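Right, one structure below, let's go through it.
Proteins get letters first, then strands, A, B, ... in listed order; numbering begins at 1 in each. These numbers were taken from a predicted model, which means no experiment stands behind them.
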There are 2 protein chains.
Amino acid sequence: MHTDSVHGHTDPATALARAEALCRERGARFTPLRRRVFELVVEAGQPLTAYELLARFAEDGGNPAPPTVYRALEFLQAHGLVHRLASQNRWVVCDHPSDPHGGLFLVCRTCGRAVEWADEGVAQALHTSARAAGFQLPVEVLPEVEGLCGDCVDAH
Amino acid sequence: MHTDSVHGHTDPATALARAEALCRERGARFTPLRRRVFELVVEAGQPLTAYELLARFAEDGGNPAPPTVYRALEFLQAHGLVHRLASQNRWVVCDHPSDPHGGLFLVCRTCGRAVEWADEGVAQALHTSARAAGFQLPVEVLPEVEGLCGDCVDAH
DNA sequence: CGTTAAGTGTTATGTTATAGCGGTATTATA
DNA sequence: TATAATACCGCTATAACATAACACTTAACG
């Protein structure tokens with residue numbers, strides 16, 4: 001029942017095509033720089049810091065300064081193509097940029113991998129709890145929690 | 001039914017006495033420095049950055065370097081006397097250091113105030129969801145979500 | 001094709017956090 | 001109580017994360 005609620009396994013080419021289509025649809029410019037940043041985040045397959053992205057540009061022979069990368073990330077985030085993991089200072093691809101986001105990020109304390117897990121139960125519990133506390137939450141909330149992923153549990 | 005599940009309104013003297021007792025009980029040293037850091041966090045009544053704490057020491061005429069404050073905060077956190085809001089890079093007092101922590105942090109986007117709201121429903125939903133994703137979470141999880149507090153909603 | 005807005009390069013700087021060393025105070029142990 | 005072991009803290013330096021501000025280029029749109 002939860003088996004198809006996980007995201008995170010789209011292949012890079014598909015993700016890129018989807019991102020491009022989404023931007024075209026919205027009249028947003030998927031420039032080479034933004035495309036490259038997105039591609040790097042997709043290829044990483046796990047959350048990256050902005051400075052790790054800078055380092056990968058350097059490997060390419062490129063040499064952008066931090067603001068360049070941060071601006072691209074902000075653009076991608078604004079269009080739902082990546083998420084910022086605030087608790088990790090890292091950025092991660094979103095594989096379902098057009099779907100609603102009710103759920104949570106599960107981040108493995110050991111290997112660092114993050115899974116975006118859709119679950120209306122969590123979203124509802126959060127909203128109910130927040131309302132009881134007098135808080136108004138945005139429609140989409142994506143809390144981040146740290147734990148151990150299955151692989152790392154198995155590996156003791 | 002949720003009316004007594006909020007924390008955050010203990011007066012400073014009580015909080016200090018409680019912290020001191022808890023440390024004595026555990027054989028942990030509640031040194032003047034740690035006491036002072038705790039006191040500053042309590043008095044603030046809202047989440048503070050480490051550098052804001054440093055600034056308050058400076059007002060006192062003190063002059064500690066960052067590691068001094070970070071170390072004290074780590075100690076206090078280890079004993080459950082403060083929480084680190086990872087998404088905010090801020091630290092906030094915990095008013096119920098001996099009780100279990102199932103719930104969430106509600107942080108106001110506008111005024112910055114944070115409320116630690118106990119709610120087993122949220123904790124359960126998170127654990128259920130995490131298990132479905134193959135993750136193992138620590139017993140106590142305290143996700144942070146941003147929204148608008150009642151006061152800031154009222155003030156438009 | 002010229003005007004405007006958006007995007008990017010670049011420099012500089014601000015903010016948050018930690019490594020590591022050496023000295024002092026406290027605790028444990030004999 | 002002497003002394004060994006440990007915990008604590010001051011301090012310097014630097015790492016890691018993030019943004020302000022301005023100049024220049026390119027794309028969008030009449």
The contact string for nucleotides 11-18 of chain D, one letter per nucleotide 5' to 3', using protein heavy atoms under 4.0 Å with B, S and - for base, sugar-phosphate only and none, comes out as BB----BB
- Message: Keeping B/E144 on the side-chain end and B/L104 on the backbone end, is there a donor-acceptor pair under 3.5 Å?
- Response: no
Okay, side chain of A/Q124, backbone of A/G121: is any donor-acceptor separation there less than 3.5 Å?
-> no
So, with a heavy-atom separation below 4.0 Å from DNA chain D, the residues of residues 31-47 of chain B are B/T31, B/L33, B/R34
- [ ] May I ask you to decide if A/D95's main-chain N or O and A/R18's side chain share a donor-acceptor pair within less than 3.5 Å?
- [x] yes
Contact check, residues 18-26 of chain A vs DNA chain C, heavy-atom distance under 4.0 Å, returns none
The helix from C/dC1-D/dG30 to C/dA30-D/dT1: angle between terminal helix axes, five bp per end, to the nearest 10 degrees, reads 40°
Rounded to whole Å, NE2 of A/H79 lies from C1' of C/dG7 at a distance of 13 Å
Applying ring pair (Phe, Tyr, Trp, His ring centres under 6.0 Å) to A/F75 and not counting sequence neighbours gives A/H79
### Query
Okay, side chain of A/R34, backbone of A/R29: is any donor-acceptor separation there less than 3.5 Å?
yes
Checklist entry - Linking I/L/V/M/F/W/Y whenever any side-chain heavy atoms sit under 4.5 Å apart, do A/V115 and A/L148 land together? => result no
Whole-Å distance, B/Q77 CD to C/dT18 P, equals 10 Å
Practice item. Check whether any side-chain N or O of B/D60 sits under 3.5 Å from a backbone N or O of B/G62 as a donor-acceptor pair, and report yes or no. Key: no
note: B/L73, atom CG; C/dT18, atom P; distance rounded to Å ~ 11 Å
Determine yes or no for a side-chain-to-main-chain donor-acceptor pair under 3.5 angstrom, with B/T68 supplying the side chain and B/P64 the backbone. no
Using a 4.5 Å side-chain heavy-atom cut-off and chaining through intermediate ILVMFWY residues, the residues clustered with B/L85 come out as B/V92, B/F105, B/V107, B/L142
Determine, step by step, whether B/H83 and B/C94 satisfy the side-chain contact (heavy atoms from CB on, under 4.5 Å) criterion, reporting the C-alpha distance in whole Å, the side-chain angles of both residues, the deciding distance to 0.1 Å, and the verdict. CA-CA 6 Å; B/H83 292 292; B/C94 173; 3.4 Å; yes
Note to self: Assess the residue pair B/S98 and B/L22 against the criterion (side-chain contact (heavy atoms from CB on, under 4.5 Å)); give the C-alpha distance rounded to whole Å, side-chain angles, the decisive distance to 0.1 Å, and a yes or no.
What the structure shows: CA-CA 8 Å; B/S98 318; B/L22 187 146; 3.7 Å; yes
CZ of B/R113 to CG of B/L106, rounded to nearest 0.5 Å, is 14.5 Å
Count I, L, V, M, F, W, Y as connected when their side-chain heavy atoms are under 4.5 Å apart, and connections chain through other members. Are A/Y51 and A/F38 then in the same cluster?
yes
